[in-house]
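Note that this is a predicted model, so its numbers are computed, not measured. Proteins get letters first, then strands, A, B, ... in listed order; numbering begins at 1 in each.
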Amino acid sequence: MSVSNAIDQPAVRPAAARNIARTFWQTLGRRLRRDPVSILCFGFLVAIVLMALFAPWIAPADPYQVNMLQRLQPPGTEGFILGTDELGRDLLSRLMYGARMSLFMGLAPVFIATIIGGTLGVVAGYAGGWVNTAIMRVMDVFYAFPSVLLAVAISGSLGGGVRNGLIALSLVFTPSIARVAESVTVQVRTQDYVEAARATGAPAWRILMTHVLRNVAGTIFVFSTSLVSVSIIIASGLSFLGLGVSLPEAEWGMMLSSMRQSVYLAPLNSVLPGVMIFVTSVSLNLLSDGIRSAMNVKG
Amino acid sequence: MTLAATLAAQESAQESAQESEQAPAPAVAPPPLVQVENLRVRIKTPDVDVTLLHGLNFSLNQGEVLCLVGESGSGKSITVRSLLRLLPPGAIVEGSIIVDGIDILALKPAQLRAVRGPLIAIAFQEPATSFDPAFTIGYQIAETVRAHEQVSWADATRRAQDLLELVQVPSAKRRLDAYPHELSGGLRQRAMIALALSCRPKLLIADEPTTALDATVQIQVLLLLRELQRELGMATVFVTHDVGVACEIADQVAVMYSGRFVEMGPIERIIDAPRHPYTAGLLGSVVTPDVPGARLEPIPGAPPDPTALPPGCSFEPRCRVARPACAQAMPAFTQIAPLHQVRCVLAASGAAMGDIEK
Amino acid sequence: MTILSPQSDYDTAPDRGGPRQPMLIVQGLRKHFGIGGGFNGKAAVVRAVDGVSFDVPKNKTLGIVGESGCGKSTTAKLLMQLIRADEGEIILDGDPVAMSRGVSLRDYRRSVQMVFQDSYASLNPRLSLQDTVAFGPRATGIPQAAAMRRAHDMLRRVGLAPEVFASRLPHELSGGQRQRVNIARALAMNPRVLILDEAVSALDKSVEAQVLNLLQDLKQELGLTYLFISHDLNVVRYISDRVMVMYLGKVVEIGDVKDVFDHALHPYTRGLLSSRPSMNPRQRRTEPPLSGDPPSPIDPPSGCRFRTRCSFAETVCAEREPPLASLGLDQQVACHAVTPGSGHTQASAGEGASQ
């Protein structure tokens with residue numbers, strides 16, 4: 001081998017001589033597939049989502065059909081697989097329909113908050129200076145209140161209903177997402193590759209889109225995922241207090257609330273909505289933990 | 001005869017390599033402090049399955065410095081970390097590591113913790129990994145002393161101060177109350193060496209401890225290490241990628257490539273007459289003051305992927321003097337002179353590398 | 001070289017000042033960082049770069065050396081306009097930068113590019129190599145296809161075959177390969193000046209030698225001017241034509257690389273030079289040439305900043321700051337001990353301290 005072509009050698013003989021160039025997402029997917037807990041949680045969530053989507057077709061009974069003669073039937077009763085609630089409505093059907101509202105109240109506010117909070121945080125983090133101070137201090141004011149208290153206060157002043165609950169929850173999650181977005185953006189902004197991009201004289205929006213967003217999106221996404229379960233729980237709490245969804249709409253939190261008087265008469269029936277909330281939020285949290293640790297790779 | 005046996009026969013514990021060449025061999029040689037045989041390390045996780053060390057043998061007497069030299073990824077760090085079993089999860093270690101009569105690989109976790117410090121201590125490249133940012137330097141050194149010895153706080157703190165003075169930290173008493181971030185890079189590095197020395201280890205492992213330092217500070221730390229090592233009579237395994245650093249501190253050098261030793265011997269011999277083409281290339285890559293502007297002659301290419309090593313000699317694809325036989329089988333690690341071993345088919349011919357190329 | 005042909009997508013800015021005009025003239029560059037403020041009210045000032053002047057001839061390499069914290073990297077960032085200087089003027093090929101009549105910041109940035117030390121941190125982990133290299137040209141308005149073509153040309157030029165590497169991600173490369181990508185990215189802007197901030201320091205020696213050879217070739221082929229910042233004096237000696245020694249934000253010695261390395265006049269330069277490992281196990285260093293670390297740039301010593309570590313320090317060194325004085329044909333030194341008439345006891349002998 002001659003010495004003169006030494007300069008060209010690394011091209012011919014790469015140290016990492018793998019032909020399979022995996023993208024970041026492929027690596028992530030491969031790691032998640034090897035994590036049994038994540039797979040299990042993912043399975044649960046898919047089942048719940050399918051149940052919610054197809055509730056009108058698969059629900060065994062009308063969830064709003066009141067039957068005072070069949071009140072608080074235990075699970076396993078003929079015709080009512082999971083029994084009935086305090087007004088004799090089929091519990092399984094109500095849980096299926098309730099999943100729609102609960103999932104909506106879990107996902108929608110977090111989605112809205114991620115868009116708003118993420119944008120505010122990234123802008124604040126990248127711009128720095130007084131822009132950062134202005135945005136982040138406002139966020140801090142919101143952040144100073146406990147989230148449940150803030151949600152109750154906002155929806156209390158706006159009045160009940162799904163729309164106001166949605167607004168309240170979005171406002172509750174925006175500051176925390178903005179804070180996470182800001183801190184990762186500040187980290188990314190000081191990286192050499194952003195400096196190098198600035199050195200080309202590229203405009204700020206182009207650097208943001210190409211170099212910053214791609215590197216902060218993952219972290220923000222994982223954090224937001226972990227908020228979905230919180231959102232479900234707070235939404236349930238609002239319904240429980242009568243501030244969220246109104247009767248006779250099926251929603252897990254409200255079902256829990258309305259059956260709490262019956263907890264001594266039919267304990268199993270009463271805790272079922274709670275079990276659903278619990279399983280869904282635990283699955284979401286574990287899955288988001290799984291994603292977080294799977295993302296913890298170089299590049 | 002293995003190198004270990006030769007070393008043991010020729011050197012008494014306290015003498016440096018140069019002196020021992022003239023010194024008469026003692027009648028009964030003490031056993032070497034460190035005896036590593038057929039050390040193999042394999043990392044097996046769901047993501048990777050790769051063998052990083054392919055059977056290393058070496059031994060080290062008290063008071064000696066062995067330098068492991070090689071490019072990044074050659075297995076230097078893994079080798080020294082195996083001595084303390086500080087390996088990533090999924091690591092499978094085979095072979096035997098005996099330090100001062102203790103079989104390191106057979107120790108239970110609790111016993112291993114007891115060994116770390118009084119027997120073997122480690123100094124890293126980055127002091128941040130050794131110190132907790134939340135506690136003062138003095139507290140952390142004293143705490144380490146107390147973890148291994150039954151001494152009072154006052155005594156431990158006094159010992160911490162002595163140690164800082166030993167490693168030439170100026171105004172040591174005041175620095176006891178300093179937090180790690182309050183020290184400059186050079187001082188932090190010294191404080192870390194003090195921490196490593198706090199339990200008077202018999203074996204110090206230094207993993208590129210001067211690489212992050214300025215040349216002016218690096219030479220100070222190297223001189224300090226040399227002095228401490230002479231005074232305390234400890235053995236040192238020193239990892240570096242810088243041949244210049246090895247020249248300043250090593251008695252013996254082991255050149256590593258792709259998880260194997262390719263050449264091992266006294267530093268003077270290795271520098272004067274390297275017998276493995278990789279060693280020669282490594283020395284040729286060092287930019288020396290003598291050649292401004294002249295074209296450098298680096299080793300072409302890059303080290304092979306450890307998951308796909310070539311079938312024969314790992315260095316064959318980059319070797320300037322490779323023969324057809326080199327692609328067939330890995331050459332044996334052969335002794336070509338007392339204390340000097342080489343893993344190359346050409347070394348047996350007796351010529352130094354420079355002569356082969358001409 | 002198709003890349004350099006006039007038909008290429010955009011060309012190097014023309015050589016306006018002629019070969020005698022220095023590519024870069026820097027005058028009185030100053031940057032102080034304010035830190036803290038705190039409760040005691042008194043904000044500390046880090047004098048990172050404190051009045052630095054030098055020039056770089058066309059197609060030459062100026063090496064900048066010094067210990068960490070001496071202001072080398074801040075100087076690089078100031079020259080890159082990544083941070084704004086408090087004071088000072090930069091003249092690119094005869095035109096003052098960002099002045100009403102001179103070159104615009106945009107054109108300047110295209111002409112001056114930088115290669116960073118940390119090859120991990122300086123590449124976006126989510127961006128393929130071709131996208132990384134093409135980003136700069138895209139940002140200056142070159143169409144996507146042309147920018148991509150240019151990225152491939154540049155990758156090939158630094159020794160990375162685009163067929164193999166163009167769509168790889170940074171973590172799939174070795175350190176040396178990543179540093180080649182960094183060089184390709186800088187070259188894609190078609191610069192005239194390349195600032196290399198510890199660009200080979202993190203590489204293995206054999207890879208370092210490969211990259212140094214590449215840099216030498218590129219300099220010849222593309223007619224580049226280099227500012228080579230490094231703490232490795234042997235490498236600086238190897239690649240530089242001129243060398244500048246910095247200490248705590250000041251230039252202490254500057255001159256032709258051969259003069260400075262063979263006949264260093266400043267005691268700091270000599271200490272720095274003899275701190276290099278001996279490369280001879282039979283003649284090891286026995287005494288550290290310089291003791292201690294450099295003092296903090298927050299509150300530098302009065303007069304000569306080096307005096308606290310200098311064995312020739314006298315009262316005059318604490319009283320007055322030594323100016324950068326010309327000694328020899330092309331060598332300037334800031335030291336009382338070697339400047340005639342400074343009042344230092346060794347100064348009358350002229351070069352007393354240089355023995």
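When C:M114, C:Q117, C:R138 are compared by the number of non-hydrogen pairs under 4.5 Å with chain A, C:R138 comes out ahead. Counting heavy-atom pairs under 4.5 Å between each of C:A121, C:G141, C:A139 and chain A puts C:A121 at the top.
For A:F44, the CZ atom is loosely surrounded, since the number of other residues' heavy atoms within 6.0 Å does not exceed 12. By the neighbour-count criterion of 12 heavy atoms within 6.0 Å, atom CZ of A:R34 is densely surrounded, having more than that number from other residues, nucleotides or ligands. Annotation: A:R137, atom CZ; neighbour count of heavy atoms from other residues, nucleotides and ligands within 6.0 Å is above 12.
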Discussion item. Side chain to side chain contact (heavy atoms under 4.5 Å, CB included), that's the test. Do C:K77 and A:E195 meet it? Break it down for me.
Written reply: CA-CA 9 Å; C:K77 287 191 172 170; A:E195 297 259 277; 3.3 Å; yes

Worksheet item: Should A:R198 and C:L82 be marked as a side chain to side chain contact (heavy atoms under 4.5 Å, CB included) after you check the CA-CA gap, both sets of side-chain angles, and the distance that decides it?
Response: CA-CA 7 Å; A:R198 284 176 56 212; C:L82 287 172; 3.9 Å; yes

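Residues of residues 179-194 of chain A lying under 4.5 angstrom from chain C, judged on non-hydrogen atoms, are A:Q191, A:D192, A:Y193 by number. Proximity to chain C among residues 202-216 of chain A is limited to A:A202, A:P203, A:R206, A:I207, A:T210, A:H211, A:R214, A:N215, judged by heavy-atom separations below 4.5 angstrom.
A:A199 and C:Q113 make their closest contact through O-NE2, 3.2 Å (heavy atoms, listed as atom of the first residue, atom of the second, distance).
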